[in-house]
Colleague: 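Submitted below is the structure of interest, expressed as structure tokens.
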Amino acid sequence: MSWALSRRTVLAGSVVAGTASRRALAQAGAWPSQPIRLVVPFAPGGTTDLVARLVAAGLQERLGVSVIVENRAGAGATVGSEAVARAAPDGYTLVMSNIASHAISPAVYRGRVRYDPVADFAHIALVVSNPTVWVANPRSGIRTLQDAAAKARGPGGLDVATSGAGSSNHLMVVRMGQLIGVELNHIPFRGAGPAMQAVIAGQVPMMSDSLPSSVAHIRQGSVVAVGMASAQRHPAFPDVPTFREQGFDLASDSWFGLSAPAGTPAAIVERLNRETRAFLGSAEVRARFSELGGTPGDLTAEGYGDFVRREVALWAPLVQAAGATAD
Amino acid sequence: MDLFANLAHGFSVALTFNNLLFCLIGCLIGTAIGVLPGIGPVATISLLLPITFGQPATTAIIMLAGIYYGAQYGGSTTAILLNLPGEVSSVVTTLEGYKMARRGRAGAALTVAALGSFFAGTVATVVVAASGPLLTQVALSFGPADYFSLMFLGLVISAVLAQGSVVKSIGMVVLGVSMGMVGTDVQTGQQRFTFGIPELSDGVGFVSMAMGMFGIAEIILNLERPEARSVMSGKVGSLMMTREEFRRAVPSVLRGTLVGTFLGILPGGGAALSSFGSYMMERKVSKGRHEFGTGAIEGVAGPESANNAASQTSFIPLLTLGIPANAVMALMVGALIIQGIQPGPRMVEAQPDLFWGLIASMWVGNLMLLVINLPMIGMWVKLLSVPYRFMYPSIMIFCAIGVYSLQNNVFDVYQTVVFGIFGYLCSKLRLEAAPMLIGFVLGPMMEEHLRRAMLLSRGDPMVFVERPISATMLAIAAIALGAMLMPNLRKGKDAALQEGG
């Protein structure tokens with residue numbers, strides 16, 4: 001993988017960092033003394049945005065300063081992330097780092113992503129991870145992944161809807177096709193909502209989705225959960241077997257967390273990690289997230305950094321295989 | 001009568017003091033952001049979302065719904081007064097509404113927009129209450145092929161929007177469609193025509209385009225005419241509609257309501273199509289069709305009713321399926337989920353207070369908007385007598401702030417400037433902006449549905465004529481094309497005569 005502009009970015013960044021870290025050091029004792037900006041690299045209204053607002057409210061209460069959510073969408077979440085990568089590392093600018101901006105998009109947009117998802121950030125904490133679930137229209141006759149595989153091998157193949165090309169859900173379709181040995185007919189939509197509607201209406205028999213956007217439809221029976229692509233069964237859906245149980249070696253979560261520009265003082269990163277985990281650990285938040293289909297994160301700052309590094313290494317070859325690069 | 005019992009229950013929820021108060025707050029905020037160019041309901045609702053956490057779910061959703069339709073109301077005010085459409089649906093309102101304002105009938109245009117919207121909102125609310133679940137089936141029966149044909153029909157008829165040459169208008173539609181191609185390809189994730197600019201990877205901004213092509217271009221044009229440097233060329237005129245105007249508006253409101261109620265149910269382009277559709281219909285069938293282009297009241301009454309009806313019925317897929325029809329609805333789903341409520345078919349039984357309370361509050365909200373807006377019309381119209389040297393700079397500043405706030409990115413402001421200059425050149429060349437905007441909105445949707453339909457049919461194009469809905473739409477489009485081209489040969493002659501005479 002190449003980060004065409006990363007060296008220049010790092011150089012430019014270090015000039016900024018030089019002046020900024022002096023400022024940061026001067027302020028470190030008093031941090032936080034001014035409002036914190038939390039950049040969400042997606043448009044308002046999505047899952048990431050909603051969770052970011054919950055986390056912002058929680059941090060605001062714990063830190064005693066305003067935490068303002070700012071949406072900067074665009075280019076697979078890379079526009080907002082780049083802005084934060086270049087911001088002063090003083091602990092007052094944070095980003096909701098996520099599977100798109102920090103694992104998939106850098107591989108999709110390659111040379112055009114002007115930040116390194118690992119080196120240009122001080123990763124703070126994992127906030128939520130959501131398992132991928134495969135759901136089917138109840139009238140499609142698909143109840144297990146073996147049914148799906150049989151349909152895929154049969155005449156006409158199997159159509160699978162996703163929330164969009166290049167999303168983690170799409171890459172799951174590619175991996176599943178490799179495991180079955182037949183290419184699946186990927187039908188991308190603009191977002192999970194329209195895709196889910198097509199599945200409920202029976203226009204597309206299956207969908208690869210992130211659990212939170214499917215939860216309501218599974219509960220009310222308008223779609224059937226066929227398999228959960230996670231290591232263990234989900235506590236809210238104990239009846240839905242995992243992919244591994246059904247003989248397909250796949251486990252993948254979509255995730256998002258908090259990150260700051262590289263060079264942010266370790267004390268600030270530690271404090272933010274502690275407060276975020278304390279907020280996520282409260283019984284009420286855990287219950288709400290679990291009901292929504294997600295799992296609140298509980299990693300150290302170092303643990304989250306390693307996690308991001310592993311994800312980058314995991315997704316790059318899959319993006320290549322999916323032919324989803326944007327060149 | 002279950003319906004009446006349910007509605008009565010709904011009103012008992014909606015009319016509690018707390019819910020009324022939040023409905024009012026929502027309507028006021030909505031009207032305010034609708035009037036301010038560029039600040040849309042999506043940004044506002046997401047900002048206010050945390051405030052609703054502390055309120056009961058019903059109250060929260062009533063307030064958010066108030067913001068949503070309040071913004072629709074407010075948006076038409078700037079479209080009529082200043083030629084500034086803030087949303088897709090108000091582009092059409094600028095066409096006749098702004099012309100009316102220039103003729104000194106701004107008061108009448110605003111009044112008919114408010115009354116028409118209220119009537120349409122009332123009808124649509126009854127439709128949502130009486131047949132929501134039934135209509136869901138209609139929405140579900142629309143597959144990708146049917147959507148494609150519907151959009152295609154819309155695009156074909158949009159050439160009718162041309163006020164001058166049909167060839168120029170088709171050219172503008174094509175230009176709009178091409179601009180719509182900029183950005184990330186939905187099917188493959190490839191970047192198209194972005195020239196390496198990351199901000200363009202999500203496409204050209206609609207608000208930038210609409211503001212530049214209409215509002216900013218209009219300001220530049222006005223500055224060029226030193227003698228008529230006021231928004232209004234004539235006197236303010238009476239605020240109320242004349243009896244004649246009222247009589248002409250009634251059938252248009254009825255037709256607009258019908259079109260909007262139906263198209264609003266369709267997720268995606270439904271609400272946008274409804275105001276275009278209504279405008280085209282009025283232009284073809286209304287008694288005042290010869291006045292179109294000079295400020296026909298039908299051209300305001302129809303589309304305004306249609307877009308308000310559509311904004312009410314677009315709640316149907318949300319309430320019955322749990323599927324949001326647009327970005328605002330997606331935010332409402334988010335708000336409900338945060339409250340621990342999952343929208344869907346079971347909501348009617350599991351949350352009767354919420355379901356029926358929301359429906360009743362839609363009507364209450366519409367009534368409030370009428371009460372808020374009618375007395376304000378006089379004030380809005382007075383705004384037009386503000387000298388241009390105060391007016392235009394403030395419009396520009398509000399536009400810049402609004403556009404910047406979309407993504408907190410200066411790129412969008414530059415984009416607006418470019419479109420402002422381009423819009424100015426277009427009006428110099430007598431090229432219409434409206435067909436371009438419609439092409440821009442419908443083109444990418446059409447492409448998306450076309451390719452999805454082909455993916456699902458394994459490349460068999462017969463799917464477009466085999467499906468009855470799709471086949472009907474294509475047939476109507478073919479007839480419309482035929483009808484448009486034939487009299488055009490004659491019209492060419494007429495135009496030549498006119499120019500000669």
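Worth knowing before you read on, the calculation uses all heavy atoms, side chains too, and leaves out hydrogens, waters and symmetry mates. Residue numbering restarts at 1 for every chain, and letters A, B, ... go by the order of the sequence lines.
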Colleague: I'd like to know which of A:Asn185, A:Val215, A:Val39, A:Val204 tops the heavy-atom pair count under 4.5 Å against chain B.
Modeller: A:Asn185
Colleague: So that I can tick it off, tell me whether A:Asp159 and B:Arg458 are bridged by a salt bridge, with the cut-off set at under 4.0 angstrom between side-chain N and carboxylate O.
Modeller: yes
Colleague: Hey, does A:Met196 have a side-chain heavy atom less than 4.5 Å from the side chain of A:Val135?
Modeller: yes
Colleague: Can B:Ser149 and B:Asp146 be said to form a side chain to side chain donor-acceptor pair (under 3.5 Å), step by step?
Modeller: CA-CA 5 Å; B:Ser149 302; B:Asp146 308 318; 5.9 Å; no
Colleague: State, yes or no, whether a side-chain contact exists between A:Ile218 and A:Leu211 at a heavy-atom distance under 4.5 Å.
Modeller: yes
Colleague: Please rank B:Arg192, B:Arg451, B:Met332, B:Glu448 by heavy-atom pairs under 4.5 Å with chain A and give me the top one.
Modeller: B:Glu448
Colleague: Which of the residues A:Pro194, A:Pro188, A:Ala201 is involved in the greatest number of heavy-atom pairs with chain B at under 4.5 angstrom?
Modeller: A:Pro188
